[in-house]
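To start, the structure under review is shown below, and the notes come after it.
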Protein chains: 2
Amino acid sequence: MDQRVIGFGYSLTTGESIEWDANNCPIRDVMNQISGKWSTLILHALSERPYRFGALRRLVPDISQRMLTQTLRDLQRDGYIDRTVFPTKPPSVEYSMTPLGYSLFNALSQVLMWAERNHGEVRDARARFDATEGGV
Amino acid sequence: MDQRVIGFGYSLTTGESIEWDANNCPIRDVMNQISGKWSTLILHALSERPYRFGALRRLVPDISQRMLTQTLRDLQRDGYIDRTVFPTKPPSVEYSMTPLGYSLFNALSQVLMWAERNHGEVRDARARFDATEGGV
DNA sequence: CACCGTGGTTCCCTTTTGGTAACTTGCTCC
DNA sequence: GGAGCAAGTTACCAAAAGGGAACCACGGTG
C-alpha cells in the first residue's frame, strides 16, 4: 500500500509539509465534532454562561432530549465542557465551558460572526446559481 | 404554533436579541456547508491556489470522484469557488477561490489552526473521559 | 396514591451522507 | 480500431446521524 493518504498537505501554523493519515488528522478530528447539527448551538449558549440541562432545552427548543444528552456527552468527552451534578432536591446538572472550550469557541466565533455578516451574500450566490444551472 | 424556534438567542456581532427560525439561521446555514466531510479539505487546497479537477483528486486521494464533484458543486453554489472551463484538447476545468471564499476561509482557518495546535489536548481529554466513564 | 419535574436511557425508524462501480462524451495517440 | 485521458453522471448500497416516543429513578406535592 504505497498510496499516501493526505489530510492537509502542509501545516497552517508552521507552513511545513506534513502528511497525516485520515485517522490522525487534527482538523478532521476537531471538525468532526463541531460539525454536529447541535454542537455549535450548545457551545454558543455555554460560552455565555453555564446552563442546566433543562435550560438548554428551553434555549434550543427544537433539539430532542436524546440529541441534547448526546451532544453534551460528546463535548464533555473532548474536554470542551464540564458537567457538575448538584445534590439538590431533584438533583440538577450544570454544564459549563472549560478553558479549552473557550479557546475553541474563540476561534469558532470568527466563523459564526462571518456567517452572520455574510449570510445574505451566500443566499444571493445560491439563488444566482440555481437560476442559471437549474433553469437552463 | 406559538412555540418559537430559536437559532441563537442574540447576535454575536451586534449583541442584540434575535430569534431565527431554523430555516433562516445564518449559522446553521453556513455551518451546514462547511461541515461536509470534504469541504474544508477542498477549501484549504484552493486557498493556496487554483487547481484542476484531477489535481484535487491527487491532493486528496481518498475522496471519490462522486464526492469531489458534489463538494465542488456545493461550494460553487454558495459562491465560495469559481468553476472555469478551458477549451483545451480534452477540456479542462479549473476551480479557484472567490473573494467570498477567501473571506470565509480566513475565518475558518482560525479554527483549523486551533485544531492543529490543540489536537493533543483534545485527545488527552478524550482518553481521560473514556478511562473514567467507560471503565467504572 | 397519582402526578410533576429533574436528567437521563432505550428502542426503533427515517433521513442524510458517503462509498463503489459502471457508463458517458469528445478528443488524441498508436 | 482500440486505449486512454479529462471531467463528469448515474444507479445502487451501506453506514451514520438524527428524530419520536416510551421508559427509568428520585423526591416532593396535592
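Because only heavy atoms are used, hydrogens play no part in the values below, and waters and symmetry mates are left out as well, while side chains stay in. We name chains A, B, ... by the order of the sequence lines, and we start the count at 1 in each one.
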Considering only NZ, NE, NH1 and NH2 on the basic side and carboxylate oxygens on the acidic side, decide whether [X] and [Y] come within less than 4.0 Å.
X       : Y        : result
B/Asp29 : A/Arg126 : yes
A/Arg77 : B/Asp124 : no
A/Asp78 : B/Arg128 : no

Using a cut-off of strictly less than 4.0 Å, decide whether [X] has a side-chain nitrogen or oxygen near OP1 or OP2 of [N].
X       : N      : result
B/Lys37 : D/dA16 : no
A/Arg73 : C/dG8  : yes
B/Arg57 : D/dC5  : no

Which whole-number value in Å describes the distance from [X] [atom1] to [N] [atom2]?
X       : N      : atom1 : atom2 : answer
A/Asp74 : D/dG18 : CG    : C1'   : 13 Å
B/Asn32 : D/dG18 : CG    : C1'   : 13 Å
A/Gln33 : D/dA16 : CD    : P     : 16 Å
A/Arg83 : C/dT6  : CZ    : P     : 16 Å
B/Met67 : D/dC13 : CE    : P     : 19 Å
A/Trp38 : D/dA16 : CH2   : P     : 22 Å
A/Gln76 : C/dG7  : CD    : P     : 15 Å
A/Arg58 : C/dG5  : CZ    : C1'   : 10 Å

Does A/Gln65 get its side chain close enough to the base of C/dG7, under 3.5 Å, for a donor-acceptor pair? yes
Quick one: label [X] by what it contacts on the DNA or RNA (base, sugar-phosphate, nothing), any heavy atom closer than 4.0 Å.
X       : value
A/Tyr95 : sugar-phosphate
A/Arg66 : base
A/Thr69 : base

Are any of the side-chain heavy atoms of B/Arg83 and B/Val93 separated by less than 4.5 Å?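 Yes. Closest side-chain heavy atoms under 4.5 Å.
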With DNA chain D as reference, determine whether A/Ser64 or B/Val93 sits nearer its 5' end, using the nearest nucleotide of each. B/Val93
Of A/Pro91 and A/Gly36, whose closest DNA chain D nucleotide lies nearer the 5' terminus?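 Final value for this comparison: A/Gly36.
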Among B/Arg117, B/His119, B/Met113, side chain to side chain contact (heavy atoms under 4.5 Å, CB included) partner for A/Pro26: B/His119
